[in-house]
Amino acid sequence: MSEIELQNLSKSFGELDAVTDVSLSVRDGELLCLLGPSGCGKSTTMRMISGLETPSSGTVYIGDADVTDEPAYDRDTSMVFQNWALFPYKTVLENVAFGLKMRGMGKQQRRDRASEMLDRVHMDGYESHSPTDLSGGQKQRVALARSLAVDPDVLLLDEPLSNLDKRLREEMEIELKDIHEEFQKTFGLLPN
Ligand SMILES: Nc1ncnc2c1ncn2[C@@H]1O[C@H](COP(=O)(O)OP(=O)(O)O)[C@@H](O)[C@H]1O
Ligand SMILES: [Mg+2]
């Protein structure tokens, strides 16, 4: 995982200042939570880190690189969206393999990788299902598997627990902590 650094980041939509002068840094392997009321600019900040939104001013660093003007597909980030954004006409496996296809991975290899990720989030057996048949918690797991599949340096999760009921929320919270620790270990990185 990379270190993220935001320097004096701002974003306006016309007259509306969505994010004003945010500076923060996230260390290698660190898990940072952005908290605040609805509309305070959390999603916009994440979207600027992932490259889905261009800052009005300020700088985004990932690792040592200034990525402010780099498009999303050139950044080693992956985002799990609040509403999951799964493709309804693709199977669960195709959803998870999608990012790998975009990155040019061969068919068998991406099926294997996608299956492995589905195992990891306890969704093995659902490969051929449609996402529309899944519960909120299951969709969340598939969206997470899709993001983990591309092995991003930075994983961004937008309110990953908000659409789940209390029991699932508690379960998912533990799961996310485990995955964070496991992937840290896998990459051999420790917070510095
Ligand atoms: N694409 C957009 N166009 C216009 N206004 C936007 C856009 N995206 C977000 N906003 C506005 O920016 C503010 C911050 O939104 P957002 O980052 O989604 O907040 P949060 O995620 O903290 O709820 C809100 O007032 C929202 O309406
Ligand atoms: Mg938001």
Side-chain angles (χ1 to χ4, degrees), residues 1-27 29-63 65-88 95-96 98-99 102 121 131-132 134-150 152-177 179-180 183:
M1 261 182 247
S2 283
E3 187 175 57
I4 302 169
E5 178 142 359
L6 308 182
Q7 285 180 358
N8 308 104
L9 206 59
S10 296
K11 176 70 182 179
S12 306
F13 295 103
E15 298 282 283
L16 183 114
D17 297 325
V19 174
T20 308
D21 203 23
V22 169
S23 296
L24 61 84
S25 53
V26 190
R27 289 175 301 174
E30 193 176 6
L31 183 103
L32 177 85
C33 297
L34 297 176
L35 302 177
S38 180
C40 77
K42 304 181 295 294
S43 294
T44 304
T45 301
M46 272 199 169
R47 293 171 63 83
M48 288 192 284
I49 296 171
S50 66
L52 298 171
E53 207 75 78
T54 310
S56 304
S57 62
T59 316
V60 179
Y61 293 94
I62 296 179
D66 176 351
V67 298
T68 314
D69 297 316
E70 262 184 31
Y73 55 79
D74 277 343
R75 301 186 192 191
D76 249 342
T77 62
S78 191
M79 190 154 162
V80 179
F81 296 94
Q82 190 171 2
N83 59 2
W84 309 303
L86 297 172
F87 304 111
N95 265 277
V96 177
F98 182 75
M102 291 295 103
V121 299
T132 52
L134 304 180
S135 70
Q138 291 174 324
K139 285 181 191 161
Q140 176 64 264
R141 285 168 194 277
V142 174
L144 182 60
R146 183 174 62 183
S147 277
L148 290 172
V150 298
D153 283 343
V154 175
L155 183 63
L156 301 160
L157 298 128
D158 195 352
E159 302 205 24
L161 309 174
S162 66
N163 285 319
L164 307 178
D165 65 34
K166 187 171 179 292
R167 187 184 59 78
L168 270 177
R169 196 153 57 217
E170 287 168 359
E171 209 180 289
M172 201 65 195
E173 196 179 325
I174 294 166
E175 190 68 23
L176 284 175
K177 277 185 193 152
I179 285 175
H180 178 241
F183 276 70

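Start at 1 and go down the list; that is how both ligands and their atoms are numbered. The analysis underlying the following values was restricted to heavy atoms, covering all of them including side chains, and did not include hydrogens, waters or symmetry mates. Here, residue 1 is the first one in the sequence, and each next residue gets the next number.
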What is the closest protein heavy atom to [atom], and at what distance does it sit?
atom                    : answer
atom 24 (C) of ligand 1 : G39 O, 3.8 Å
atom 25 (O) of ligand 1 : L16 CD2, 3.6 Å
atom 1 (N) of ligand 1  : F13 CE2, 3.5 Å

Less than 3.5 Å between some nitrogen or oxygen of K42 and one of ligand 1, yes or no? yes

State, without any angle test, whether D66 and T59 hold a side-chain donor-acceptor pair at a distance under 3.5 Å.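 No, no side-chain donor-acceptor contact under 3.5 Å.
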
Would you check if there is a donor-acceptor pair between the side chains of D17 and S12 at a distance under 3.5 Å?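 On atom types as modelled, these side chains qualify, holding a pair under 3.5 Å.
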
Could you tell me whether D158 approaches ligand 1 through its side chain, its backbone, both or neither, with non-hydrogen atoms closer than 4.0 Å? neither

Minimum side-chain heavy-atom gap [X]-[Y] below 4.5 Å:
X    : Y    : answer
P160 : L176 : yes
D76  : I62  : no
F81  : M46  : no

Is any heavy atom of the protein nearer than 4.0 Å to atom 27 (O) of ligand 1? no

Identify which one of L52, V154, L157, I49 satisfies the side-chain contact (heavy atoms from CB on, under 4.5 Å) criterion when paired with M79.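 With M79 as partner, side-chain contact (heavy atoms from CB on, under 4.5 Å) holds for just one option, L52.
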
The Mg ion (ligand 2) to T44: any N/O/S contact under 2.8 Å?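 Here the distance criterion (N, O or S atom, under 2.8 Å) is not met by T44, so no.
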
Hey, is G41 one of the residues with a heavy atom under 4.0 angstrom from ligand 1? yes

Of T44, V19, L34, L35, the residue with the heavy atom nearest atom 15 (O) of ligand 1 is T44

Heavy-atom contacts with S43 under 4.0 Å: which atoms of ligand 1 show up? List them by number with element. 17 (O), 18 (O), 20 (P), 21 (O)

To the nearest 0.5 Å, what is the distance between NZ (K177) and CD1 (I179)? 13.0 Å

